[in-house]
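Take a look at the structure set out below.
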Amino acid sequence: MTSGLHHVTAITRKGQANVDFYVGFLGLRLVKRTAGFEDAQQLHLFYGDGGASPGSLVTFLSWEDGSLGRVGHGAPSEISFSIAPDAIGFWLTRALQYNVKLSGPTQEFGEPVLRLTDPDGIIVKLVGVEETSPWIWWAGGGIAEADAIRKLRGATILSEKPEATADFLTRHMGLALGPKEGNIQRLVSDAQDIVDVRDAGGFWTAAPGTGTIDHIAFRAPDRAQVEAVHSTLEAENSGEMNVHDRHYFYSLYVREPSGTLIELAADGPGFAIDEPVESLGTKLFIPAHFKVDHDDLRVMLPQFGLPGEERITYRDLSFVHRIHMPDEPDGSTLVLLHGSGGSETDLLPLGRKVAPNAVLIGVRGRATEEGIARFFRRLSMMTFDQKDILSEAEAFAAFAEDIGPAYGVDPARTAFIGYSNGANMLGALMQLHPGVVQKVVLLRPMNVLEERPVVDLSGTQVLSVSAAQDLYASYAAELENRLIAAKADVTSRQIESGHALERADEESIRNWLNEKGF
């Protein structure tokens with residue numbers, strides 16, 4: 001059995017900061033960028049040595065602005081990389097220069113260790129190791145070969161059943177018992193990779209989320225070995241398991257007795273199966289099993305820049321938002337507000353179809369109802385929290401005014417598109433804060449304000465699109481009449497559809513924007 005670690009996978013909250021740390025600071029190579037194999041709206045980044053060698057890889061699922069996780073037993077708590085012992089001083093100086101949080105150096109199991117903290121709070125250890133298995137230096141990382149990270153050294157698992165965890169890993173993942181220090185039992189592979197099992201009895205349990213390590217993957221030479229281990233585990237009734245063809249490797253997933261997710265991954269076929277080694281990590285791949293429009297998925301995934309490339313510098317504004325830059329921006333901007341239960345990415349594909357060269361800004365509502373995002377709370381299906389509408393409309397008005405100076409957005413070339421709950425927010429916003437938005441598309445709208453403010457919306461252009469088979473279609477007229485009475489230029493259209501968005505919506509928006517000179 002091929003020995004040692006294949007990769008370690010963690011979860012990041014901000015893809016750009018993650019790239020800046022692992023590529024820009026640590027000097028690893030970005031060897032692959034894909035949509036998630038389980039969730040195509042998740043960016044998955046893979047870093048490794050110059051050849052994307054198994055055993056050098058650390059991967060991150062990007063949960064942009066996702067909830068924080070919690071480190072605890074039943075999950076890994078640290079990642080470690082091997083470096084030359086003499087390189088500890090280089091990395092200590094570099095961490096101080098880059099203002100990276102650190103502790104040490106110290107000695108662990110007779111080895112010098114420098115602990116760093118990545119932007120998500122994950123502990124990354126650099127461990128001085130005299131000899132390692134072969135690795136491929138990445139000259140593009142900007143770190144001299146003598147100082148560069150060589151490969152994964154290992155990981156730490158927090159376990160409330162340390163003996164059972166160690167027994168599982170030694171029997172099934174090719175590890176052997178090594179030395180023990182205090183409450184840490186070290187397990188060692190033939191390739192000298194290590195897993196430290198730390199007794200965490202009495203500690204709290206782990207919770208998944210950003211800033212946590214999701215799983216540890218061990219190496220198998222081929223698919224046959226993965227399947228053989230799968231059969232052995234099934235015979236032992238080792239709990240729920242899954243096997244998946246991840247395109248770049250075939251994998252088995254199982255949880256060890258304390259709950260940590262363990263993967264066994266075949267070495268092949270590797271990352272060069274769909275792009276040459278020379279250009280690894282330069283193209284975004286969408287797994288073939290997702291049958292939806294791959295161009296739509298690409299728009300929904302976060303953009304980032306490698307060191308030296310252009311990147312979006314996000315500002316800390318009052319609403320979580322996602323920006324998508326077109327290849328050839330024309331100076332226009334679409335601000336997109338989702339419906340109930342949506343997210344800041346939902347309308348990005350629509351925005352790209354109706355305005356291919358516009359900067360897109362998707363916004364996430366701040367109110368929640370039974371765990372789903374909304375732009376304001378409702379008290380029943382047709383009763384809305386008026387105080388919440390007032391406060392959230394005021395906050396969104398400030399956000400709309402802030403995006404100009406924050407991102408160089410031209411108000412005269414900006415349109416706002418809202419769907420369902422997002423459209424209702426824009427309808428209320430126009431009545432409560434006239435002039436803040438002046439070019440607006442309302443998809444499946446209704447009026448949600450109980451009072452009728454007296455406002456002048458002269459110069460405000462509105463497209464309202466209702467749907468004949470939508471249960472809420474009849475409610476659009478009240479909002480449209482209010483806006484017309486306030487002197488807004490309102491175009492009202494009804495399409496043959498239900499509440500869901502259709503291609504007819506895209507055509508209506510595109511034609512209207514063209515008519516208005518957008």
Side-chain angles (χ1 to χ4, degrees), residues 1-10 55 58 69-82 106-111 113 115 122-125 127 129 152-208 212-220 225-243 251-265:
M1 180 176 183
T2 298
S3 174
L5 296 173
H6 187 280
H7 65 268
V8 176
T9 293
V58 59
R70 182 179 65 206
V71 177
H73 65 71
S77 63
E78 297 177 326
I79 306 170
S80 61
F81 294 100
S82 65
T106 187
Q107 289 283 317
E108 295 181 9
F109 292 90
E111 299 169 334
V113 173
R115 267 185 172 78
I122 294 172
I123 300 300
V124 176
K125 298 197 299 187
V127 184
V129 181
L152 280 172
R153 173 58 170 161
T156 300
I157 290 176
L158 299 182
S159 174
E160 63 174 349
K161 303 174 182 178
E163 293 83 7
T165 298
D167 177 68
F168 180 91
L169 295 177
T170 54
R171 288 192 299 113
H172 299 298
M173 297 298 150
L175 300 175
L177 288 175
K180 186 173 184 179
E181 285 190 0
N183 65 349
I184 299 175
Q185 173 65 62
R186 172 155 290 187
L187 308 179
V188 185
S189 75
D190 291 342
Q192 299 304 301
D193 299 335
I194 61 95
V195 172
D196 287 336
V197 179
R198 182 173 181 175
D199 186 347
F203 200 44
W204 52 65
T205 57
T212 63
I213 302 170
D214 186 70
H215 65 268
I216 300 172
F218 294 90
R219 292 177 65 183
Q225 181 62 41
V226 175
E227 291 176 340
V229 173
H230 185 205
S231 296
T232 300
L233 291 168
E234 281 189 320
E236 295 184 6
N237 295 317
S238 295
E240 183 178 350
M241 287 176 280
N242 295 288
V243 289
S251 292
L252 160 70
Y253 296 87
V254 62
R255 291 192 182 275
E256 53 82 21
S258 185
T260 296
L261 183 60
I262 301 296
E263 179 182 355
L264 182 63

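For reference, positions follow the sequence shown, starting with 1.
Residues satisfying the side chain to side chain contact (heavy atoms under 4.5 Å, CB included) test with Ala176, not counting sequence neighbours, are none. Taking Ala75 as the reference, Ala206 meet the side chain to side chain contact (heavy atoms under 4.5 Å, CB included) condition, with sequence neighbours excluded. Taking Glu234 as the reference, His230, Met241 meet the side chain to side chain contact (heavy atoms under 4.5 Å, CB included) condition, with sequence neighbours excluded. In this structure, the ring-ring contact (aromatic ring centres under 6.0 Å, His included) partners of His6, at least two apart in sequence or on a different chain, are Phe249. Residues forming a ring-ring contact (aromatic ring centres under 6.0 Å, His included) with Phe81 (at least two apart in sequence, or on another chain): none. By the salt bridge (Lys or Arg N to Asp or Glu O under 4.0 Å) test, Arg186 is found to be paired with Glu111, Asp196, residues two or more places apart in sequence or in another chain being considered.
For the residue pair Ala200 and Leu158, the shortest heavy atom distance occurs at CB-CB, 3.9 Å. In plain terms, the two heavy atoms of Thr9 and Ile213 that are nearest each other are O-CG2, 3.4 Å. The minimum heavy-atom distance linking Leu5 with Gly154 is given by the pair CD1-CA, 3.4 Å. Here the closest heavy-atom approach between residue Thr212 and residue Arg70 is recorded as CG2-N, 3.5 Å. Here the shortest heavy-atom pairing between Tyr253 and Glu263 reads OH-OE2, 3.3 Å.
With respect to the salt-bridge test (charged N to carboxylate O, under 4.0 angstrom), the residues Glu108 and Arg115 qualify.
Rounding to the nearest 0.5 angstrom, the gap separating the NZ atom in Lys161 from the CD atom in Glu256 is 9.0 Å. For the atom pair NE2 (His215) and CD1 (Ile262), the distance works out to 9.0 Å, reported to the nearest 0.5 Å.
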